[in-house]
Amino acid sequence: MPGTAALEAWVEECARLTRPDQIVWITGSEQEYEGLIAGMLADGSMTRLNESAYPNSYLYRSDPTDVARTEELTYICTEREEDAGPNNNWMSPREAKEKVRPLFEGCMRGRTMYAVPYLMGPAGSPHAKVGVEITDSPYVVANMRITTRIGQIALDTLAENGGEFIPGLHSIGDLDPDRRYILHFPEEKLIWSIGSGYGGNALLGKKCLALRLASWMGWKEGWMAEHMLILGLEDPDGNVTYMAGAFPSASGKTNLAMLVSPLADRGWRVWTVGDDIAWLRPGPDGRLWAVNPENGFFGVAPGTGPDTNPNAMTTLSKNSIFTNVGLTPDRLPWWPGINPDEKEPPAGTINWLGHPKEQEPDVPVAHPNSRFTSPASQCPSISPHWEDPQGVPISAFIFGGRRARVAPLVYQAFNWQHGVFVGAGMGSETTAAATGEVGVVRRDPMAMLPFCGYNMADYWSHWLTMGAQIAHPPAVFHVNWFRKGSDGTFLWPGFGQNARVLMWMHDRIHGTGRARETPIGYVPTPDALDLSGLDLAPETVEQLLAIDKHDWLGEWGDQAPFFNQFGQRLPAAIAREHLELRARLDALPG
Ligand code: OXD
Ligand code: MN
């Protein structure tokens with residue numbers, strides 16, 4: 001297949017390094033996909049699911065040591081260490097290449113090399129970027145086909161944009177975690193990834209290009225790449241207010257993006273534009289406009305079910321790939337929550353390791369970070385504007401933490417600068433999306449800690465600058481669906497009921513929502529939330545909206561060392577906001 005000369009030269013250079021048996025250029029055709037799947041069925045790496053219940057859908061089991069993003073093996077390789085910042089692992093480009101090139105040498109012997117041209121962003125969009133991933137994993141190609149726009153459509157854009165593309169070299173290597181590296185070279189816009197076939201490490205369009213490199217490019221070029229879902233909230237007048245929300249991995253972005261509103265009969269409904277990544281640019285009208293650069297979802301399976309996310313269940317019901325879920329004797333995928341009244345899967349279900357569950361009672365049937373990969377176009381709530389080249393205008397940013405204590409259900413920042421501080425100070429309990437301990441609070445500013453491709457202090461400066469440049473920056477909110485009562489149970493029903501919180505935001509944006517001013521921001525008065533039909537005791541609502549001085553002083557203290565790591569680079573405005581928060585908290589009685 002013809003590409004530009006530079007693209008062909010790079011692919012040949014990679015082949016000289018990795019020595020594949022053959023090179024296949026990916027076109028994106030149906031037939032090609034069928035061939036890839038047939039190969040994986042034949043070698044046993046994929047299993048066909050029940051064709052009548054899940055047409056054209058497959059189960060894949062990964063290597064058991066390769067089931068989540070490995071942040072400790074992920075590097076930003078800039079010339080100067082301070083440009084990567086304390087939020088990233090760093091190696092100089094020279095050191096990184098000297099260390100990792102030998103691992104690529106000959107690593108594709110006996111394998112096929114796939115060259116996958118892909119497009120991030122809708123075709124014809126000023127936001128769109130072309131990437132080319134070289135990989136020796138047919139599973140990666142199959143997933144890229146769902147999560148990005150691959151093949152000819154990308155080459156057409158490449159021809160139109162003067163041949164510009166972002167190269168990414170990937171090999172599963174020998175899957176040994178000791179020889180696993182996810183390397184980003186933002187100054188030359190290059191990705192090298194070896195030793196993992198896991199989504200966030202191996203589908204290079206997603207975290208590597210659309211977040212780490214794109215965040216750097218946005219910084220240099222005056223736009224933003226964020227770890228955000230994009231949704232549209234339609235009100236009873238039929239007007240749609242678009243919001244973008246940053247939540248840490250595996251904390252409900254997909255559920256919120258596809259929310260089915262319990263108040264649909266009163267005219268409130270949610271439209272899905274994206275569930276993980278937003279690229280935002282100022283528009284001529286002084287607002288920020290966002291596109292979803294992806295073409296599909298790579299969602300967390302456990303907890304997804306007809307009660308928590310019916311739209312996701314419809315989305316994943318065909319043309320999908322399931323990774324590390326259980327397999328029932330009827331060849332149906334299984335994970336906790338897929339059938340709400342079934343706590344245990346049927347007898348004879350095969351666990352994610354490929355063994356009958358009865359043989360391994362201590363192994364969870366589905367891995368906690370098991371995933372579905374499904375086309376966005378199959379989502380019943382997909383917005384009619386999700387592929388608009390210019391994107392959708394964003395009226396609100398929502399930051400969300402997973403916090404058993406401290407953060408109230410919702411609050412609004414006083415203004416843009418304070419909103420940037422609220423995002424910068426975010427903390428959340430860790431999840432299974434990355435390797436490491438689960439459930440400990442870590443600072444995760446704008447949910448970008450694992451994804452910001454440069455010094456986070458410069459990233460906050462960029463946020464502040466962007467806000468100053470646009471006439472109508474989005475309102476900024478913070479939510480916490482996960483607050484618990486003293487008995488350890490969740491206070492808020494969550495899922496579809498989160499629509500009620502979005503409705504309050506809508507009212508605030510349009511100038512009507514009632515709120516009280518607190519040291520941390522504007523919190524709804526209990527009567528400002530529409531809680532009709534919900535059986536919530538007034539004390540519960542009070543607890544959901546409470547600001548505890550002691551807890552917040554603790555939070556403030558926890559933020560301080562995090563901010564201090566950035567030294568002189570920390571924007572003065574963020575340091576000032578932090579001090580002002582302290583003064584407001586000190587002034588609280590109690
Ligand atoms: C993801 C993640 O897969 O954030 O989206 O880990
Ligand atoms: Mn994510």
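First listed ligand is number 1; within each ligand, the first listed atom is number 1. We number each residue from 1, following the sequence as shown. These values consider heavy atoms only, across backbone and side chains, with no hydrogens, waters or symmetry-generated copies.
A salt bridge is defined here as a Lys NZ or Arg NE, NH1 or NH2 lying under 4.0 Å from an Asp or Glu carboxylate O, and Asp276 with Lys207 meets this definition.
Within the 6.0 Å centre-distance limit, the rings of Phe566 and Phe562 are counted as a close aromatic pair. Separation of the Trp463 and Trp460 ring centroids does not fall under the 6.0 Å cut-off. The ring of His367 has its center closer than 6.0 angstrom to the ring center of Trp352.
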If you look at each N/O of ligand 1, which protein N/O atoms lie under 3.5 Å away, and at what distance?
from, atom 1, to, atom 2, distance (Å)
ligand 1, 3 (O), Arg371, NH1, 2.9
ligand 1, 3 (O), Arg371, NH2, 3.3
ligand 1, 4 (O), Lys207, NZ, 3.0
ligand 1, 4 (O), His227, NE2, 3.3
ligand 1, 4 (O), Ser249, OG, 2.4
ligand 1, 5 (O), Lys207, NZ, 3.0
ligand 1, 5 (O), Asp276, OD1, 3.2
ligand 1, 5 (O), Asp276, OD2, 3.1
ligand 1, 6 (O), Arg69, NE, 2.9
ligand 1, 6 (O), Arg69, NH2, 3.2
ligand 1, 6 (O), Ser249, OG, 3.2

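For the side chain to side chain donor-acceptor pair (under 3.5 Å) criterion with His170, the lone passing option out of Asp136, Thr135, Asn201 is Thr135.
One of the N, O or S atoms belonging to Lys207 lies under 2.8 Å away from the Mn ion (ligand 2).
Nearest to the Mn ion (ligand 2), among the N, O or S atoms that Asp276 has, is OD1.
Across all non-hydrogen atoms, the minimal contact from Ser215 to Ala225 is N-CB, 3.6 Å.
Considering CG of Asp178 and CG of Leu73, their distance stands at 8.5 Å, rounded to 0.5 Å.
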